[in-house]
Amino acid sequence: MPGVDFAQVQAMVPMAKVLQMMRFVPRGVRGEQLHGPCPVHGSKSPRSRCFSVHLGQGVCYCHICGFAGNQIQLWAKVHALGVYDAAIDLCRQAGLDVPWIERW
């Protein structure tokens with residue numbers, strides 16, 4: 001069974017694109033850092049800034065629910081998928097071919 005080249009997926013679909021696909025609206029911007037409501041636990045407060053994203057590093061963290069990860073892990077958590085399925089779904093939603101690798 002072929003595997004997914006996760007590093008290639010991260011390069012093809014940057015964190016900014018994932019946030020755009022999720023319709024994330026930042027409440028604060030500081031350089032490459034965005035702050036806003038957490039899409040993982042669904043914070044509803046219009047002034048919430050518990051979710052931090054560093055676009056340059058491609059990582060995010062929620063100060064309330066404790067979620068931390070990259071864009072594939074974020075997509076997996078929000079859409080209740082495994083990481084493998086999330087990488088495939090993320091590529092397809094972005095209109096890209098899945099970067100397959102042969103294992104063994």
Side-chain angles (χ1 to χ4, degrees):
M1 179 160 122
V4 175
D5 187 348
F6 293 107
Q8 187 70 23
V9 172
Q10 287 180 294
M12 291 172 21
V13 188
M15 181 66 85
K17 176 73 175 171
V18 172
L19 294 175
Q20 178 186 15
M21 290 167 50
M22 293 173 52
R23 294 184 173 92
F24 175 76
V25 179
R27 304 288 186 232
V29 179
R30 245 187 225 163
E32 289 190 320
Q33 287 193 343
L34 306 176
H35 303 279
C38 178
V40 175
H41 74 267
S43 52
K44 300 293 183 198
S45 172
R47 297 177 8 191
S48 176
R49 293 185 176 161
C50 62
F51 188 69
S52 299
V53 180
H54 193 287
L55 295 175
Q57 295 177 358
V59 295
C60 57
Y61 178 73
C62 178
H63 298 279
I64 293 179
C65 70
F67 173 80
N70 61 31
Q71 60 266 46
I72 299 171
Q73 294 164 331
L74 176 62
W75 191 264
K77 187 73 171 179
V78 169
H79 296 286
L81 299 168
V83 177
Y84 180 82
D85 293 328
I88 295 169
D89 187 50
L90 189 56
C91 287
R92 291 187 178 150
Q93 292 295 325
L96 303 169
D97 292 329
V98 179
W100 298 107
I101 57 173
E102 287 299 320
R103 293 166 37 188
W104 328 122

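Residue numbers count from 1 along this sequence. Remember, it's a predicted structure, so these values are computed and weren't measured experimentally.
Between the OG atom in Ser48 and the NE2 atom in His63 there is a gap of 10.0 Å [rounded to 0.5 Å]. Remark: Ile72 CD1 to Ile88 CD1 distance equals 10.5 Å, nearest 0.5 Å. Summarising the geometry, atom CD belonging to Gln73 is positioned 7.5 Å from atom CD belonging to Gln10; distances are rounded to the nearest 0.5 Å. Rounded to the nearest 0.5 angstrom, Arg23 CZ and Met21 CE are separated by 10.0 Å. Summarising the geometry, atom CZ belonging to Phe6 is positioned 8.0 Å from atom CD1 belonging to Ile101; distances are rounded to the nearest 0.5 Å. Rounding to the nearest 0.5 Å places CD of Gln33 at 9.0 Å from CG of Leu55.
Taking the six-membered ring where tryptophan is involved, the planes of Tyr84 and Trp100 are tilted, since the angle between them lies from 30° to 60°.
Ala94 and Val13 make their closest contact through CB-CG2, 4.2 Å (heavy atoms, listed as atom of the first residue, atom of the second, distance). In terms of heavy atoms, Gln71 sits closest to Gly58 at OE1-O, 3.4 Å. The minimum heavy-atom distance linking Gly56 with Glu32 is given by the pair CA-OE1, 3.4 Å. Pairing each heavy atom of Pro26 with each of Leu34, the nearest pair is CB-CB, 4.2 Å. What you find for Asn70 and Met15 is that their closest heavy atoms are C-CE, 3.8 Å. Closest non-hydrogen pair, Cys91 versus Val98, comes out as CB-CG2, 3.9 Å.
If you chain together hydrophobic residues whose side chains sit under 4.5 Å apart, Phe67 and Val53 fall into the same group. When hydrophobic clusters are built by joining Ile, Leu, Val, Met, Phe, Trp and Tyr residues whose side-chain heavy atoms come closer than 4.5 Å, directly or via intermediates, Val29 is not grouped with Tyr61. A continuous path of ILVMFWY side-chain contacts below 4.5 Å connects Met22 to Val9, so both sit in one hydrophobic cluster. Side-chain heavy atoms closer than 4.5 Å link hydrophobic residues (I, L, V, M, F, W, Y) into clusters, and following such links, possibly through other members, connects Met12 to Trp75. Note on Ile64 and Leu19: separate hydrophobic clusters, where clusters join Ile, Leu, Val, Met, Phe, Trp and Tyr whose side-chain heavy atoms are under 4.5 Å apart, directly or indirectly.
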**OP:** Start with the C-alpha distance between His35 and Arg27, add both sets of side-chain angles, then the distance that settles side-chain contact (heavy atoms from CB on, under 4.5 Å), and finish with yes or no.
**Re:** CA-CA 6 Å; His35 303 279; Arg27 304 288 186 232; 5.8 Å; no

**OP:** Begin with the C-alpha distance, continue with both residues' side-chain angles, and end with the deciding distance and a verdict on side-chain contact (heavy atoms from CB on, under 4.5 Å) for Cys62 and Val40.
**Re:** CA-CA 8 Å; Cys62 178; Val40 175; 5.9 Å; no

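Contact of the Cys50 side chain with the Ser45 side chain is not registered, since no non-hydrogen atoms from C-beta on lie closer than 4.5 Å. Using a 4.5 Å heavy-atom cutoff, the side chains of Phe51 and Leu74 are in contact.
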